[in-house]
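Some notes on the structure that comes next.
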Amino acid sequence: MRATVCLPTYNERANLERMIDALAGVLREGDRVLVIDDNSPDGTGELAGRLAAEHDFVDVLHRERKQGLGPAYLAGFSRALADGAELVLEMDCDFSHDPADVPRLIAAAEADADLVLGSRYVKGGRVGDWGLIRQAISRGASLYTALFLQMGVKDPTGGFKCFRRRVLESLDLDAITSKGYAFQIETTYRAKREGFTVVEVPITF
């Protein structure tokens, strides 16, 4: 299954080239990276264009302005599906998500999962150098969200994911209105509501 990693950027010039190099080391032949840049004032979009010219697995989607994480991902999903991706991943460009974990998410999706979540809060997952208060707030928010929405997942707010194509095609992407990190909750909730299998893979954030 060919995978596309959607990588939204806004002022990520310091990280983008290192991230592309890291992904080049873990992606399979035929997999792609789609940089979705929201007209970054620091020149990230121009750098992305240069990297796309240098690497045949890199594409760039230039957007006119910053509209939030949700709309950026939705634009990326539509482009990835139009380009024939069977698996669509989302991850951050700042290395809070480890590129070395990408093959594990892909493997889980190719096994029996419709949606794979890189999870901080299942056994084996962890958060790096966060303080105790920040960890408590994050865990509390995840627990509250999961219980309130009866989602049955431990990390509904995480943003490291792998969707099978059929999940995104079944969801009404135009109806998703969340712009910030609530986008992560909404997409997982909608996938669960449609009966898709969601699997959590432990990661270090």
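Fair warning: this is a prediction, and the values are worked out from it, not measured in the lab.
Between Glu54 and Arg50, at least one side-chain nitrogen of the basic residue sits less than 4.0 Å from a carboxylate oxygen of the acidic one, meeting the salt-bridge criterion. Of the charged side-chain nitrogens involved, none lies within less than 4.0 Å of a carboxylate oxygen, so that Arg32 and Asp83 do not count as a salt-bridged pair. Between Arg63 and Asp37 there is no salt bridge, since no side-chain nitrogen of the basic residue lies less than 4.0 Å from a carboxylate oxygen of the acidic one. Salt bridge Arg28/Glu86: absent, no basic N to carboxylate O contact under 4.0 Å.
Put simply, CG on Leu16 and CG on Asp42 are 9.5 Å apart, with the number rounded to the nearest 0.5 Å. A distance of 10.0 Å separates CG in Asn11 from CG in Asn39, rounded to the nearest 0.5 Å. To the nearest 0.5 Å, atom SG of residue Cys162 and atom CD of residue Glu110 are 8.0 Å apart. Atoms CG and OG1, on Leu81 and Thr4 in that order, are 8.5 Å from each other to the nearest 0.5 Å. Taking CG of Leu89 as the reference point, atom CG of Leu105 lies at 6.0 Å (rounded to 0.5 Å). Annotation: the span from Ser40 atom OG to Glu12 atom CD amounts to 7.5 Å, rounded to 0.5 Å.
By the criterion of side-chain heavy atoms lying less than 4.5 angstrom apart, applied directly or through intervening Ile, Leu, Val, Met, Phe, Trp or Tyr residues, Ile36 is not grouped with Phe95; the two fall into different hydrophobic clusters. Using a 4.5 Å cut-off between side-chain heavy atoms of Ile, Leu, Val, Met, Phe, Trp and Tyr, with links allowed through other members, Leu61 and Leu47 fall into different hydrophobic clusters. Follow the hydrophobic side-chain contacts under 4.5 Å out from Leu27 and you reach Leu87 in the same cluster. Residue Val5 is grouped with residue Val58 when hydrophobic side chains (ILVMFWY) are merged at heavy-atom distances under 4.5 angstrom, including chains of intermediate members.
Asp155 approaches Gly118 most closely through the heavy-atom pair OD2-O, 4.0 Å. Of all heavy-atom pairs between Cys6 and Tyr73, the closest is O-CE2, 3.7 Å. Across every non-hydrogen atom of Leu7 and Asp92, the tightest pair is CD1-O, 3.9 Å. Of all non-hydrogen atoms in Phe77 and Glu90, the two that sit nearest each other are CZ-OE1, 3.3 Å. The minimum heavy-atom distance linking Glu200 with Ser119 is given by the pair OE1-OG, 2.9 Å. Closest non-hydrogen pair, Gly124 versus Pro202, comes out as C-CB, 3.5 Å.
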Q | side-chain hydrogen bond (donor to acceptor under 3.5 Å, both in side chains) between Ser170 and Glu194, worked out | A | CA-CA 8 Å; Ser170 296; Glu194 292 295 321; over 6 Å; no
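Residues Asp112 and Thr197 have side chains not in contact (no heavy-atom distance under 4.5 Å, counting atoms from C-beta outward). At a threshold of 4.5 Å between non-hydrogen side-chain atoms, the residues Leu23 and Met91 count as touching.
Both the sub-6.0 Å distance and the 45° axial angle are not jointly satisfied by Lys154 relative to the ring of Tyr121.
Remark: aromatic rings of Phe163 and Phe196 are distant, center separation not under 6.0 Å.
With respect to Arg190, the side-chain contact (heavy atoms from CB on, under 4.5 Å) criterion is satisfied by exactly one of Ile185, Leu171, Leu173: Leu171. The residue from Asp21, Asn15, Ile20 that alone fulfils the side-chain contact (heavy atoms from CB on, under 4.5 Å) condition with Arg18 is Asn15.
If you check the side chains of Lys161 and Thr187, you find a donor sitting under 3.5 Å from an acceptor. Looking at Thr157 and Arg120, their side chains do bring a donor and an acceptor atom within 3.5 Å of each other.
Ring orientation note: the planes of Phe160 and His97 are close to parallel, at an angle under 30° on the 30°/60° scale.
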